[in-house]
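Input: a single structure, listed below in structure tokens.
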Amino acid sequence: MKLEIKCFIICKVLPLVWLNMAQIQQVGAPEEKEKTTALKDLLSRIDLDELMKKDEPPLEFPDTLEGFNYAFNELGQLRHIQTGDPFVFNYREDLHRWNQKRYEALGEIITKHVYELLEKDCELEKVYLPVDATDSEPRSFIFMSKDAMTNPDKMLVLIHGSGVVRAGQWARRLIINEDLNSGSQIPYIKRAMKDNGSPEEHALYVWDNFISKAAAENILFVAHSYGGLTFVELMIQREADVKNKVAAVALTDSVHNVWHQDASKTLREWMRENCCNWVSSSEPLDTSVESTLPDCPRVSAGTERHELTSWKSFHSIFKFFDDALQAKNTKTKPTPTRRSNRIKHEDL
């Protein structure tokens, strides 16, 4: 009976027991040594983990951030959806093992979330390794940018540490307790992409290495928003080549400015003849819209929403392209509209 009582004390007050054992070992009597040996043998048979599981809830946790009632805010900080508080590790007092398992379950969700950010926000591609592995063989994977194997300029390689961290992470603990910027590799990735040439440089490279070498005799451009500025910059850098190969250019709510971009007079004249800009406007589709710039005609895209201009002007743009190609063959000028009360290139 006394032995059972000692066993209960061992489970609840373990530090005290080890102190008592040390004191017992100092006693030289054979009887005490036998008791110490019996006590050690008893301890070796006790599964402390199993005893700890007795009073804890089931180790069943959500598989989404929303299930945990957490989400990342605009600053990349993990916050409770209702209270806005940071993550709390000690969700249940005196249940360290359960809290740790909960933390690990959240960590797995964080890993999946970072993977999604790498693919969606950073536009990286997941590449499985080994490249020649079959479906039945174990595989790993890496993330790489789409131009990783073709960019002739430079390459940035990011290697994380060991432990629970995975691709895209420096430290999972920082992601959970601080923010995505400090704990993930995403700032490095975005900075590398930002340094990987401007949109204008990218367009110039694509023109020199692909478009200019294409067999097509009539190239058509559709450029939206900043893409219009990029196209004008391309023309400034490769004016003769662009004039020779491009048949027509449809701009949608372009933000280009021929004055600020220092476009030449001959370039502006070519744009007046071969370009049309469908802009956001409350006017009906293809209605003439006044412009203060001496470049291409401006007509309504039939919507006041900037992001919808390309879609709303879809049919008009392809009619404009058809007219441009026909005009090129018959040596006449294209018209972007079908209605006599709307703008015509001849009127300009």
**Request:** For Asp179 and Ser182, indicate whether the former's side chain and the latter's backbone hold a donor-acceptor pair under 3.5 Å.
**Result:** yes
**Prompt:** Salt bridge or not for Lys319 and Asp323, using N-O below 4.0 Å?
**Reply:** yes
**Message:** Under 6.0 Å between ring centres: does that hold for Phe68 and His80?
**Reply:** no
**Prompt:** Taking a hydrophobic cluster as the set of Ile, Leu, Val, Met, Phe, Trp and Tyr residues connected by side-chain heavy atoms closer than 4.5 Å, whether directly or through intermediates, do Val157 and Leu118 fall within one such cluster?
**Reply:** no
**Prompt:** Looking at Phe143 versus Phe141, is the centre-to-centre ring distance below 6.0 Å?
**Reply:** yes
**Item:** Contact check, side chains of Ile236 and Leu267, non-hydrogen atoms, under 4.5 Å
**Value:** yes
**Message:** Tell me if the centroids of the rings in Trp207 and Phe231 come within less than 6.0 Å of each other.
**Reply:** no
**Item:** Short side-chain donor-acceptor distance under 3.5 Å, Ser300 and Thr287
**Value:** no
**Item:** Donor-acceptor contact present, side-chain Arg268 to main-chain Ala263, <3.5 Å
**Value:** yes
**Message:** Would you say the ring centers of Tyr103 and Trp98 fall short of 6.0 Å from each other?
**Reply:** no
**Request:** Look only at the side chain of Asn329 and the backbone of Leu325, and say whether a donor-acceptor pair between them is shorter than 3.5 Å.
**Result:** yes
**Request:** Might you work through the side-chain hydrogen bond (donor to acceptor under 3.5 Å, both in side chains) test for Glu123 and Ser145, ending with a clear yes or no?
**Result:** CA-CA 7 Å; Glu123 298 184 349; Ser145 59; over 6 Å; no
**Prompt:** So Phe89 and His96, would you call those rings parallel, tilted or perpendicular, with 30° and 60° as cut-offs?
**Reply:** tilted
**Asked** Would you say the side-chain atoms of Glu137 pair up with the backbone N or O of Thr134, donor to acceptor, closer than 3.5 Å?
**Response** yes
**Mutual orientation of the aromatic rings belonging to Phe318 and Phe321 [parallel < 30°, tilted 30-60°, perpendicular > 60°]** = perpendicular
**Asked** Okay, side chain of Thr309, backbone of Arg305: is any donor-acceptor separation there less than 3.5 Å?
**Response** no
**Request:** Kindly work out whether a path of hydrophobic side-chain contacts (I/L/V/M/F/W/Y, heavy atoms less than 4.5 Å apart) joins Ile211 to Val232.
**Result:** yes
**Message:** Any donor-acceptor pair under 3.5 Å linking the side-chain atoms of Gln261 with those of Asn257?
**Reply:** no
**Message:** I want to check something: taking the side chain as every heavy atom from C-beta on, are Tyr70 and Ile176 in contact at a cut-off of under 4.5 Å?
**Reply:** no
**Item:** Donor-acceptor contact present, side-chain Asn99 to main-chain Arg92, <3.5 Å
**Value:** yes
**Message:** If hydrophobic clusters are built by linking Ile, Leu, Val, Met, Phe, Trp and Tyr wherever their side-chain heavy atoms come under 4.5 Å apart, do Leu229 and Val242 end up in the same one?
**Reply:** no
**Message:** Can you confirm whether Arg79 sits close enough to Asp85 that some side-chain heavy atom of one is under 4.5 Å from a side-chain heavy atom of the other?
**Reply:** no
**Side chain to side chain, Leu220 and Phe320, heavy atoms closer than 4.5 Å** = no
**Prompt:** Can you tell me how far CD1 of Ile159 sits from CD of Gln185, rounded to the nearest 0.5 angstrom?
**Reply:** 9.5 Å
**Complete:** Paired with Val279, the side-chain contact (heavy atoms from CB on, under 4.5 Å) test is passed by just one of His306, Glu304, Arg298, namely Arg298
**Spacing of Glu239 atom CD and Met235 atom CE [to the nearest 0.5 Å]** = 5.5 Å
**Asked** Tell me, do Glu125 and Glu119 make a side-chain contact under 4.5 Å, heavy atoms counted?
**Response** no
**Request:** Decide yes or no for Ser316 and Trp278: does some side-chain heavy atom of the first lie under 4.5 Å from some side-chain heavy atom of the second?
**Result:** yes
**Request:** Determine yes or no for a side-chain-to-main-chain donor-acceptor pair under 3.5 angstrom, with Thr64 supplying the side chain and Gly67 the backbone.
**Result:** yes
**Prompt:** What about Leu251 and Trp270, same hydrophobic cluster or not, with Ile/Leu/Val/Met/Phe/Trp/Tyr joined at side-chain heavy-atom distances under 4.5 Å?
**Reply:** yes
**Asked** If you measure from the Lys or Arg side-chain nitrogens to the Asp or Glu carboxylate oxygens, is any gap between Lys112 and Asp63 under 4.0 Å?
**Response** no
**Item:** Rounded distance (nearest 0.5 Å) linking atom CG of Leu158 with atom CD1 of Ile189
**Value:** 6.0 Å
**Asked** Are Glu200 and Tyr226 linked by a side-chain donor-acceptor pair shorter than 3.5 Å?
**Response** yes
**Request:** Would you check if the side chain of Asp253 reaches a backbone N or O of Ser225 as a donor-acceptor pair within less than 3.5 Å?
**Result:** no
**Request:** In sequence, state the C-alpha distance, the side-chain angles, and the governing distance for Lys328 and Glu217, and then conclude on salt bridge (charged side-chain N to carboxylate O under 4.0 Å, His left out).
**Result:** CA-CA 11 Å; Lys328 183 178 180 180; Glu217 295 180 358; over 6 Å; no
**Prompt:** Are any side-chain N or O atoms of His160 and backbone N or O atoms of Gln169, one a donor and one an acceptor, separated by less than 3.5 Å?
**Reply:** no
